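What you see is a predicted model, and the numbers here were worked out from it, not measured in a lab.
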Amino acid sequence: MKYMDEFRDPTLVQAVIAELWRTAVRPHVIMEICGGQTHAIVRSGLDRLLPPGLTLAHGPGCPVCVTPLETLDQAMAIACRPDVIFTSYGDMLRVPGSDGDLFGVRARGGDVRVVYSPLDAVRLAQENPARQVVFFAIGFETTAPANATSVVQARRLGLRNFTILASQVCVPGAMRAILSSPDNRVEAFLAAGHVCTVMGWREYTPIAREHGVPIVVTGFEPLDIARGILLAVKQLEAGRAEVENAYERVVTEPGNPGAQTAVREVFRVGDRVWRGLGVIPDGGLHLRDEWSEFDAAKRFDVSRVKPVESPICIAGEILKGLRLPADCPAFDDPCTPDHPLGATMVSAEGTCNAYHRYGRGREETE
Amino acid sequence: MCLGVPARITEIRDEGPLRMGSVDFGGVSREVCLDWVPQAGVGDHVLVHAGFAIGVIDEAEAQQTLRLLAELAAASAAEDRDREARQRPGAEPPS
């Protein structure tokens with residue numbers, strides 16, 4: 001497919017890797033923020049082609065993984081109600097809550113449906129005026145404009161039966177939290193290309209300057225990722241710490257102004273709990289007061305939710321890039337995508353899922 | 001979740017306040033919202049996420065990136081050939 005196949009050309013990837021071997025002199029740790037990039041790296045085997053001493057730490061950029069357990073439990077409590085059609089992106093259905101998952105709710109008769117776009121959920125609300133339609137609005141900055149537009153559209157249509165359960169998180173706060181952690185080892189970031197498609201990269205300039213880390217806006221094909229790593233290593237070797245764009249065909253410095261306006265109209269920036277990471281200052285978005293009628297957590301009584309995390313799962317450490325899936329006593333046994341203990345094993349952006357899916361078992365990573 | 005897939009716009013229409021359209025993902029057609037890519041027309045490629053086009057793909061930038069990398073690959077191949085030539089017995093220049 002155009003704009004995908006050309007950026008998977010093995011000859012060009014090899015050339016970038018060869019240049020990387022010539023460039024990397026000292027050991028470095030680079031974190032790819034986005035779980036989509038983690039999967040692309042493990043699937044293509046890019047991490048096995050790196051020069052010795054160059055390590056990729058996998059970041060927390062998996063919205064499904066960082067959605068708080070409490071919010072997930074609230075989702076299940078709402079989805080159990082007979083008057084509700086609960087809609088969600090597919091990945092959320094198998095994420096373990098304190099007591100089961102959304103698939104389990106559906107098996108017990110709950111009306112839980114997967115939608116491709118939030119506008120599909122709005123359409124369901126139009127078609128089912130006697131039912132309450134709730135959309136599980138999770139995501140990073142990439143998804144925030146779409147989620148915001150769902151409530152704007154619901155208001156335009158005068159819908160009284162549409163709400164969202166929001167868990168919107170923002171990347172810059174998490175980057176600061178990782179860099180400020182006493183056990184941080186990350187020296188450079190590959191910034192998530194599709195977050196930057198929406199937001200541009202201006203927010204990253206102060207982070208690069210204040211923390212002295214190179215930040216390279218990076219795409220998702222193997223060639224994009226190899227080039228992002230090369231540019232980050234070039235900066236590290238030269239002692240530079242700048243924001244650089246290696247995804248020029250899609251990302252511009254200001255980002256997408258229309259999408260940003262949609263987000264600002266509906267959401268305000270505030271502190272947010274990230275599952276596994278805790279409260280991150282300015283780590284997410286909340287519905288503005290003037291949109292609170294669309295807040296599912298206010299429309300439905302979710303006060304009885306009491307979240308209980310798995311005592312074994314180390315997803316939090318994995319999301320911070322401090323440990324690898326093989327360090328977890330439950331990895332691959334008993335924790336698998338069919339019977340996950342943590343969200344990182346479920347999601348198509350979760351690190352444990354990538355290591356399981358592409359055969360990076362315990363022996364492989366030891 | 002943050003998956004963005006390139007697609008070609010095949011049709012644009014206004015549906016009330018939203019600018020909607022059809023896009024082609026290499027053979028699969030889908031309805032998407034085109035509100036945030038006002039500059040894009042039929043035939044342009046956009047990046048689609050959760051039913052919304054979030055950006056236009058710049059053909060010239062894509063070609064420029066590939067050109068730069070092809071030059072890198074050519075330089076790398078030439079360096080490899082030089083090294084092999086130097087290592088081949090009898091390849092040393094006559095003294």
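- For the pair B:Asp35/B:Phe52, no side-chain contact is recorded, criterion being any heavy-atom separation below 4.5 Å from C-beta on.
- Between chain B and the residues A:Phe220, A:Tyr247, A:Phe7, the largest count of heavy-atom pairs under 4.5 Å involves A:Phe7.
- Residue A:Ala246 does not touch chain B at all, counting heavy-atom pairs closer than 4.5 Å.
- A donor-acceptor pair shorter than 3.5 Å cannot be found between the side chains of A:Glu349 and A:His39.
- A centroid separation of less than 6.0 Å is found between the aromatic rings of A:Phe140 and A:Trp274.
- In this structure, no portion of B:Gln64 lies under 4.5 Å from any heavy atom of chain A.
- Counted by atom type alone, A:Asp91 and A:Ser347 present one or more donor-acceptor pairs between their side chains at under 3.5 Å.
- For A:Gln153, the part lying near chain B is the side chain, with the backbone staying farther off; criterion is any non-hydrogen pair under 4.5 Å.
- Interface residue A:Ala18: only side-chain heavy atoms are found under 4.5 Å from chain B.
- For a residue to count as touching a neighbouring chain, one of its non-hydrogen atoms must lie under 4.5 Å from one of that chain's; by this rule A:Glu19 touches chain B with the side chain only.
- With a 4.5 angstrom heavy-atom cutoff, B:Val46 does not touch chain A via any of its atoms.
- In this structure, chain B has heavy atoms under 4.5 Å from both the backbone and the side chain of A:Val16.
- Within the 4.5 angstrom heavy-atom criterion, no atom of A:Thr252 approaches chain B.
- Cation-pi geometry between B:Arg8 and B:Phe25 is not satisfied (NZ or CZ under 6.0 Å from the ring centre, within 45° of the ring normal).
- B:Glu59 and A:Tyr3 are linked by a side-chain donor-acceptor pair at a separation below 3.5 angstrom, with hydrogens and angles left out of the test.
- Contact annotation for B:Leu69: both backbone and side-chain heavy atoms come within less than 4.5 Å of a heavy atom of chain A.
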